[in-house]
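What you see is a predicted model; the values in this text were computed from it and never measured. Throughout, residue positions are numbered sequentially from 1 according to the sequence presented.
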Amino acid sequence: TGGDGQETAVVETEEAVSVLASITVSAEGKALHLSCLPVGSQVLLFDIQGRLLTRETASSQELSLTCENGGLYMVVVADQGQTRSIKIAL
């Protein structure tokens, strides 16, 4: 449940293999919290129109991203030629 009382939905959009399968994403208010990230992986945040909002390199296994508005977002994590995409609603 998001901080504003709305239900938060996480939907997997691609099947992931190896270490990317253990990544978890949770939402609290307008913040996305990612854990179990491979250090050095690229984390990209897109809005529902496909616009890149944020690009981060994971310096640890934990990362938080802030979204300005509620809505649907796509988080893409890329590491060593593999990608995992996770759709999340805030």
Side-chain angles (χ1 to χ4, degrees):
T1 305
D4 57 2
Q6 295 182 5
E7 190 67 25
T8 300
V10 177
V11 180
E12 299 294 332
T13 57
E14 289 184 16
E15 193 168 318
V17 183
S18 77
V19 69
L20 297 182
S22 63
I23 296 169
T24 60
V25 179
S26 61
E28 184 176 330
K30 293 184 180 180
L32 298 177
H33 304 287
L34 292 87
S35 57
C36 300
L37 290 168
V39 175
S41 61
Q42 293 294 308
V43 179
L44 303 116
L45 177 66
F46 296 90
D47 66 12
I48 197 63
Q49 288 81 28
R51 292 181 294 232
L52 178 63
L53 302 176
T54 304
R55 178 190 303 254
E56 299 278 341
T57 300
S59 58
S60 71
Q61 291 186 326
E62 307 286 325
L63 181 66
S64 292
L65 303 171
T66 302
C67 301
E68 298 209 6
N69 301 305
L72 292 174
Y73 293 89
M74 179 74 68
V75 177
V76 178
V77 180
D79 185 56
Q80 298 182 2
Q82 297 180 348
T83 61
R84 180 170 176 203
S85 299
I86 303 164
K87 189 184 296 182
I88 187 163
L90 295 180

- Task: Rounded to the nearest 0.5 Å, what's the gap from CZ on Arg55 to CZ on Phe46? Could you check?
- Result: 7.0 Å

- Which atom of Ser22 lies closest to which atom of Cys36, heavy atoms considered: O-CB, 3.3 Å

- Looking at side-chain heavy atoms only, is the closest gap between Pro38 and Ile23 below 4.5 Å? yes

- Taking every heavy atom of Leu90 against every heavy atom of Gly29, the minimum-distance pair comes out as CD2-O, 4.0 Å

- Item | Matching residue for Leu44 among Val76, Val77, Thr83 - test: side-chain contact (heavy atoms from CB on, under 4.5 Å) | Val76

- If you round to the nearest 0.5 Å, how far is CG of Leu45 from CG of Leu32? 6.0 Å

- Message: By the side chain to side chain donor-acceptor pair (under 3.5 Å) test, which pairs, at least two apart or in different chains, include something from residues 56-75?
- Response: His33-Ser64, Gln42-Thr57

- Does the side chain of Leu37 come within less than 4.5 Å of Asp79's, by heavy atoms? no

- Item | salt bridge (Lys or Arg N to Asp or Glu O under 4.0 Å) against Arg51, all qualifying residues, sequence neighbours excluded | Asp47

- Just how far is it from atom CE of Met74 to atom CG of Leu53, taken to the nearest 0.5 Å? 12.0 Å

- Query: Quick one: side-chain contact (heavy atoms from CB on, under 4.5 Å) partners of Leu72, sequence neighbours excluded?
  - Reply: Ile48, Ala89

